[in-house]
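One structure is given here, and the rest of the page talks about it.
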Amino acid sequence: MSEEGEMLPISVRAAAGAPYLASLNAGQRAAVEALDGPVLVLAGAGTGKTRVLTTRLAHLLTTGKAKPWSVLAVTFTNKAAREMRERVEKLLGPGGGGLPWLGTFHSISARMLRTHAELVGLKNNFTILDTDDQVRLLKQIIDAEGVDEKRWPGRQLAGVIDGWKNRALTPEKVPKNEGFSFADGGGAKLYAIYQARLKILNACDFGDLLMHMIDIFQRYPDVLENYHKKLSHLMVDEYQDTNVAQYLWLRLLAQARKNLCVVGDDDQSIYGWRGAEVDNILRFEHDFPGAEVVRLEQNYRSTGHILAAASHLIANNRGRLGKTLFTDDDLGHRVKVRGVWDGEAEARLIADDIEGWRQSNRSYADCAVLVRAAWQMRAFEERFLMLRIPYKVIGGPRFFERAEVRDVHAYLRLIRSEDDDLAFERIVNQPKRGIGEGTVQKLHAYAGKPLVRFVTDNGPLFDQDTGEVVTEQPEPPGGATRFRTLIGAAREMVVTDDLPLKARTALRAFLADLDRWREQARTISHVELAEIVLDESGYTEMLRRDKSPQAQTRLENLKELVQSMGQYDTLEAYLEHVALVLDIENETDSENVQLSTLHAAKGLEFPLVFLPGWEEEVFPSKRSIDESGEKGLEEERRLAYVGITRARESARISFVANRQIYGRWQVVLPSRFIDELPSANVDAVSETGYGMQPPGVRDMAVEPFTSSYQSPGWRRAQERGAFQGKPPMIEGEARLVARSGGDDSSYKRGDRIFHQKFGYGRVSDVEGNKLTVQFEKAGEKRVIDSFVIPASAA
DNA sequence: CTATAATATCTCATT
DNA sequence: GATATTATAG
């Protein structure tokens, strides 16, 4: 407490009896009632963080300390924003003008930027590029700069630039040595060109939304002051995930009044790879002197064993603020740890568990399978489909990133503004109209040059091909030499004979289409416009004629797209949302098993949680450790912590002995995180009796599972060389395995055999229990004999 | 210019 | 193993 004996303002006392306060515990209540000055709420997993946040917001409004339009409340995802809005309305009832400043960093910043766009050289109808556009643009720039795109791919540059923007570094501010992290020192220059190019395109990327506002706040104090007047209180959710740019953005907005409340959990910081700085939360008290710090440590979600296991695991991390979570709940079930043979067996095991759960009258929706990386989901999807278990992928392939959806958007963007070259390029020949790469090249050439070149020392603009001076005006700082849009170039070129006749007529027809649509757009709704465009462009026709299985879903996606457009009043409003609102409205989660990555599961909870794939190199992910070493490992551990703490009643971890990585089979070791679990809270079960690995392979000091690893089954498996590729006998596979009695193969050269994956084939060589087989479809393979059966038996 | 075959690249998580 | 780009033929 900073100011001892300070009297509570009268309005606060008046609201002290508010019904919503009664149900809070002491810590939560302290956080809710600390309305003024900087506040740091350290909220462990399941301690009622969202509740505190929403109640505090409600409290701000009830006490009259703040108005609905003077509270800036920031979240990271639109889902979180929506949820907060709903819960505040539940507490206070709807109305009151809503909460205009409740949203994600990006959506709020985008809104601000629309009103001040001209200050950074943009028009207020600027386009927000997504990653795809960004990469395409960068690729062009890389090519034009004569850098080898093979060696320095656009995707990578996008990542590098993103990293700089996360740290609020403009091209000039990129440290010299870091400019070398791309294209032998060309990185910063390419970044500068990219920024200039964005300006011409009247576009910005995600990072720019924040960067431009920071720039404006710093260069135009009056604008900032205006926001200081407008916004009385600031609140931030998931503060541990903020990056440097977001931090600066917040600090600028908060510096006048210092009414900033941040809520977060350093143990759940899992977004370091996209620039999150755990330091932001670790440093808060230093940055905002006199900050009140509230710890929320009572967990209302998980049972005792689960919480203890998670706490013990996370205690292996250094550099934490440190919290001691506790629960009043029972001990409940221990965390289950199970080892199986391979990914298929794992999927089978988990699917069976889920069926069992369902049979005891619990809901599918209570179950979640949380994986480290999206590719791990496939095995489960296959199994679930086979068993008709309904499931739902959380944050699956993003709807708005699908090719067909982006194509439609490109059409709409192009109709809206002619200068959207990226959109033009995307769809000139989609569907095919005979305007190929060659023609587009010519358009680019005619439009000036495909790319921007700086004209040094503010010289005149000139045509790069002819040297012809086009304007004597000195060029604007960061300006460019581009004079025509691609459409502009096209309009001029269709009347010349620089293009083959075929391309010319096709292009002319396309331009006429665009003009017509643009004309129609003035009178009809954007939904009708989309329908007309889809129809008249031949896009739907193209998909209808496409007989591939994806075409059907694409058509359905487009239907859904047109429908969703109806929810917005104008095309502008719609496109703005498309750019920023990446999560799709979940259809009723009624009776679906939830399949999700660990990242996407943050903030969610489920009675029964499965955590498969706990193997070295998979989890902790090899890449994280390669890239960030100890820091990366700690982040992985936090991810494990997040995973376990999603569970209310039961957490079931599993690992496999063999996994297919890059399509090749590899023997893998159990995750070191398994060794770090406290044996007192864990049940190590070996259902098959095989597949468990010995403990302490890496660290002989830690052997929590000695007993189960020494099971007869395990030892037998080891002796028989199971890990060289012989599968154990598992129910369902018994038929295939049964034939392999001893070590001498019962197959001989010339035998015709059947393999479950590779099909029929003929044995061409036998070596112990390894067969060389010429498969009819799959070609020559070496397989273990127990994986095949005689063709006559198949 | 388009359609098909072959090859390369890589695969983590997101606003 | 799958997708994305590139080479080749039509």
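Since this is a predicted model, take the numbers as computed values, not measurements. Letters A, B, ... mirror the listed sequences (proteins, then strands); counts begin at 1.
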Picking from B/dT2, B/dC1, B/dT14, the nucleotide nearest the side-chain atoms of A/Lys502 would be B/dC1
Check: If you measure from the Lys or Arg side-chain nitrogens to the Asp or Glu carboxylate oxygens, is any gap between A/Arg623 and A/Asp626 under 4.0 Å?
Finding: no
Q.
Does B/dA13 have OP1 or OP2 under 4.0 Å away from a side-chain N or O of A/Ser624?
A. no
- Message: I'd like to know if the side chain of A/Glu615 reaches the main chain of A/Phe655, judged simply by a donor and an acceptor atom lying under 3.5 Å from each other, with no hydrogens or angles considered.
- Response: no
Among C/dG1, B/dT15, B/dT2, the one nearest any side-chain atom of A/Arg378 is C/dG1
| message | By the 4.0 Å heavy-atom rule, please label A/Gly438 as base, sugar-phosphate, or nothing. | response | sugar-phosphate
Report task. Identify whether any heavy atom of A/Phe76 sits under 4.0 Å from a base atom; if not, whether one sits that close to sugar-phosphate; answer base, sugar-phosphate or nothing. Result -> sugar-phosphate
5'-most contact on DNA chain B (nearest-nucleotide basis), A/Glu636 vs A/Gly436, goes to A/Gly436
What is the nucleic acid contact for A/Ala374, judged by heavy atoms within less than 4.0 Å: base, sugar-phosphate only, or nothing?
-> sugar-phosphate
N/O donor-acceptor pair under 3.5 Å between A/Ser109 side chain and A/His106 backbone:
no
Contacts of A/Trp375 and A/Ala503 projected onto DNA chain B by closest heavy atom; the upstream (5') one is A/Ala503
Test ring-ring contact (aromatic ring centres under 6.0 Å, His included) applied to A/Phe610 and A/Phe380, step by step
CA-CA 11 Å; A/Phe610 295 93; A/Phe380 296 99; 8.5 Å; no
(Q) Counting the atoms with a prime plus P, OP1 and OP2 as sugar-phosphate, which does A/Thr439 contact under 4.0 Å by heavy atoms, base, sugar-phosphate, or nothing? (A) sugar-phosphate
Which of B/dT15, B/dC12, B/dC1 is nearest the side chain of A/Phe206? It is B/dT15
From the candidates B/dA3, B/dT15, B/dA13, the one with an atom nearest any side-chain atom of A/Thr104 is B/dT15
Give a yes/no answer on whether the side chain of A/Asn243 brings an N or O atom under 4.0 Å of OP1 or OP2 in B/dT15. no
Using a distance-only criterion (donor-acceptor N/O pair, under 3.5 Å, no hydrogens), is the base of B/dA13 paired with the side chain of A/Arg372?
yes
